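All heavy atoms count here, side chains included; hydrogens, waters and symmetry mates do not. Note that the structure is a prediction, hence the values are computed from the model and not measured. Read the numbers this way: they start at 1 and go in the same order the structure lists the ligands and their atoms.
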Amino acid sequence: MCGIVGYVGSREATEVVVSGLQRLEYRGYDSAGIAILNGGEFQIRRSVGKLSHLQQRLQEAPTHGHQGIGHTRWATHGGVTEVNAHPHRSASGDIVVIQNGIFENYLEQKGRLIEAGVVFESQTDTEVIAHLIERETRASGDFLSGFRRALQQIRGGNAIVAMHRRQPGLLLAARLGNAGGIVIGLGEGENFIASDIPAILDYTQRVIFLEDGEIAIVTAEAVRCERLDGTPVSKQPQTIRWDPVAAAKGGYKHFMQKEIFEQPRSITDTLHDRIDVEGGRVILDDLRLSDEQLRAIDKIYIVACGTAWHAGLVAKFLIEALARVRVEVDYGSEFRYRDPILDERTLMIAITQSGETVDTLVPMELARQAGVPCLGIVNVVGSQAARLSDGGVIYLNAGPEIAVASTKVFTCMVVAAALFALKLGEVRGCLDRATLRTYLQALLALPNQVGTILQQTAIYEQLAERYRHTRDMLFLGRGINYPIALEGALKLKEISYIHAEGYPAGEMKHGPIALIDEEMPVVCIAVRDHVYDKMLSNVEQVKTRGGEVIAIVNQGDSAVRSKADVVIEVPETLPLLSPVLTVVPLQLLSYYCALRRGADVDQPRNLAKSVTVE
Ligand code: F6R
């Protein structure tokens with residue numbers, strides 16, 4: 001969502017800040033701005049729309065200086081206007097602030113400031129922070145004390161960075177709650193601040209993360225951390241081993257295309273070092289749950305959002321079938337507002353690519369408060385979800401996912417869930433070695449099988465041409481492929497803007513069948529498993545009503561082939577692992593449909609990569 005970058009050192013700050021913002025473009029935003037401090041004056045440039053608009057502005061009116069902050073905004077309070085874009089200034093113009101997150105009691109604080117005579121320029125909550133810091137800086141006579149005192153009056157989840165024009169060389173950054181992370185990049189004679197690691201990876205790999213309620217006092221020479229009350233905190237720098245080049249498009253037209261095609265590699269990386277086929281064992285070194293704890297679990301709650309929630313639904317099938325533990329899958333945004341039963345035999349599993357999705361982080365926090373361990377299935381190393389996962393983290397190792405629509409991370413999430421289900425099944429005595437070996441071999445075959453699917457793209461180009469004017473599409477699946485029907489529909493709607501619905505195929509007759517006519521293409525996932533015959537009947541029902549069937553089948557299938565209009569083949573694997581293969585054609589279908597319709601594939605309208613607000 002909003003992106004934050006800060007710099008202090010000897011380079012041109014504008015270049016560092018803008019290049020950092022560029023690296024954060026994937027998060028999605030609607031406006032951008034920077035403030036550079038030079039000679040006791042702020043040079044502020046802001047603009048609505050893409051970063052290129054801000055860059056254009058900077059060409060017309062360049063900024064110079066060795067210290068600055070920048071922000072990409074995704075509007076929450078106040079419309080998408082230049083005045084609402086960050087940075088925001090305090091009344092005297094002494095202080096500039098950028099913020100990511102939501103300031104819950106801003107109206108109350110704003111009211112008080114207005115009563116005291118402050119005139120507001122924007123409708124944002126961030127401007128309130130600038131005025132609050134100014135008021136408290138005046139009252140305490142010192143910027144750092146003023147910053148601390150202002151932050152103590154803020155309720156919410158925020159990442160905040162501020163500069164004072166009479167305090168050159170100093171940047172203050174803070175993290176409150178879980179809505180926005182702050183990473184400090186450590187350099188030689190220079191230091192960096194960012195909301196996300198990619199923003200600073202071109203400059204340094206040594207970082208420290210701020211925790212809830214911590215402030216970083218950043219100069220070119222040093223970084224000091226303390227709590228909001230001023231107590232010093234000593235923090236251990238970590239080294240991030242991402243290669244910045246890995247985040248570039250690598251010859252593909254879009255990041256989404258690249259990420260779809262990277263799946264053989266990303267799945268391999270998720271499996272790497274975690275499989276011992278000979279021994280029939282899964283090795284999950286980062287699991288912080290003892291075998292005894294795993295045996296004692298009698299209920300698992302999976303929390304996640306969007307695509308990760310679909311991976312959670314697949315995980316439910318895997319865990320129930322392989323480890324015989326009851327699983328409930330919740331939307332993070334729902335879990336937090338109901339009254340779930342959490343006890344000492346419960347485990348929470350949080351599935352999240354970014355590890356920063358606030359709707360997923362809050363249930364994790366609730367679990368922590370109830371003493372329920374939480375296992376994270378997470379892609380971004382060091383993210384908040386990873387740090388909240390006291391039961392351990394299964395990192396996906398999928399590398400950065402830049403396209404807003406999630407693809408490679410979904411298949412890795414399913415693979416990670418399968419690894420955990422096998423481990424749990426092994427520990428609980430549900431699986432013998434021979435069965436485990438069969439699953440492990442099947443897992444190891446997946447990267448190559450996905451590669452086979454990726455070799456045939458002509459069919460999707462033809463389908464995209466055929467359906468370029470289609471308004472609606474239905475996706476049907478059963479059993480473990482029912483979540484794949486949901487995922488196929490989500491992918492199509494979010495990037496091509498074709499309205500799509502996913503359903504368990506058995507539900508079709510209870511309502512959606514009314515929609516079927518010649519205008520309604522229906523994607524049916526009908527691989528060989530225990531519900532194959534049922535899917536075959538569903539295909540027939542669609543055909544009888546004039547619908548057009550696009551069937552995803554196993555190689556060599558003849559029964560569905562004889563009925564469907566279009567057939568897409570995927571290799572055969574164990575039925576419980578089939579989602580890793582059946583989802584790939586649906587990713588390709590949505591990619592080519594979006595491409596054919598001229599949509600902005602990597603940054604679909606209204607969407608953001610990392611949703612750090614409620
Ligand atoms: C859809 C998509 C979203 C995310 C969701 C959760 O393509 O990417 O639905 O899956 O916003 O994000 P994470 O996994 O970062 O928690």
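Checking Ser31 against Asn84 by side-chain atom types alone, no donor-acceptor pair falls below 3.5 Å. Checked by atom type, the side-chain pair Thr411/Gln263 shows a donor-acceptor distance below 3.5 Å.
Between Asp600 and Lys50 there is a salt bridge, since a side-chain N of the basic residue sits under 4.0 Å from a carboxylate O of the acidic one.
Each of the atoms 1 (C), 7 (O) of ligand 1 lies under 4.0 Å from some heavy atom of Lys491. Those atoms of ligand 1 with a heavy atom of Ala308 less than 4.0 angstrom away are 10 (O), 14 (O).
For the pair Arg605 and Tyr497, the cation sits on the ring face: its NZ or CZ lies under 6.0 Å from the ring centre, inside 45° of the axis.
Counting protein heavy atoms only, atom 6 (C) of ligand 1 is closest to Cys305 O, 3.3 Å. Among all protein heavy atoms, the one lying closest to atom 15 (O) of ligand 1 is Ser354 OG, 2.6 Å. Closest to atom 14 (O) of ligand 1, if we only count protein heavy atoms, is Gln353 N, 2.6 Å. In this structure, atom 11 (O) of ligand 1 lies nearest to the protein heavy atom Val611 CG2, 4.2 Å. In terms of protein heavy atoms, atom 16 (O) of ligand 1 is closest to Thr357 OG1, 2.5 Å. Scanning all protein heavy atoms for the shortest distance to atom 3 (C) of ligand 1 gives Thr307 N, 4.0 Å.
Using a 4.0 Å cut-off between heavy atoms, Glu494 contacts ligand 1 through its side chain alone, with no backbone atom that close. When heavy-atom distances to ligand 1 are checked against a 4.0 Å cut-off, Val404 comes that close only through its backbone atoms N, CA, C and O.
Interatomic distance, CD of Glu569 versus CG of Leu581, reported as 13.0 Å (0.5 Å rounding). Interatomic distance, Tyr592 OH to Ile260 CD1, rounded to the nearest 0.5 Å: 8.0 Å.
Ring orientation note: the planes of Trp309 and Tyr331 are close to parallel, at an angle under 30° on the 30°/60° scale.
Residue Asp359 places every heavy atom at 4.0 Å or more from ligand 1. For Glu356, the heavy-atom gap to ligand 1 stays at 4.0 angstrom or more.
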### Task
Please test Ser406 against Glu401 for side-chain hydrogen bond (donor to acceptor under 3.5 Å, both in side chains), starting from the C-alpha separation and ending with a verdict.
CA-CA 7 Å; Ser406 199; Glu401 190 179 64; 2.8 Å; yes
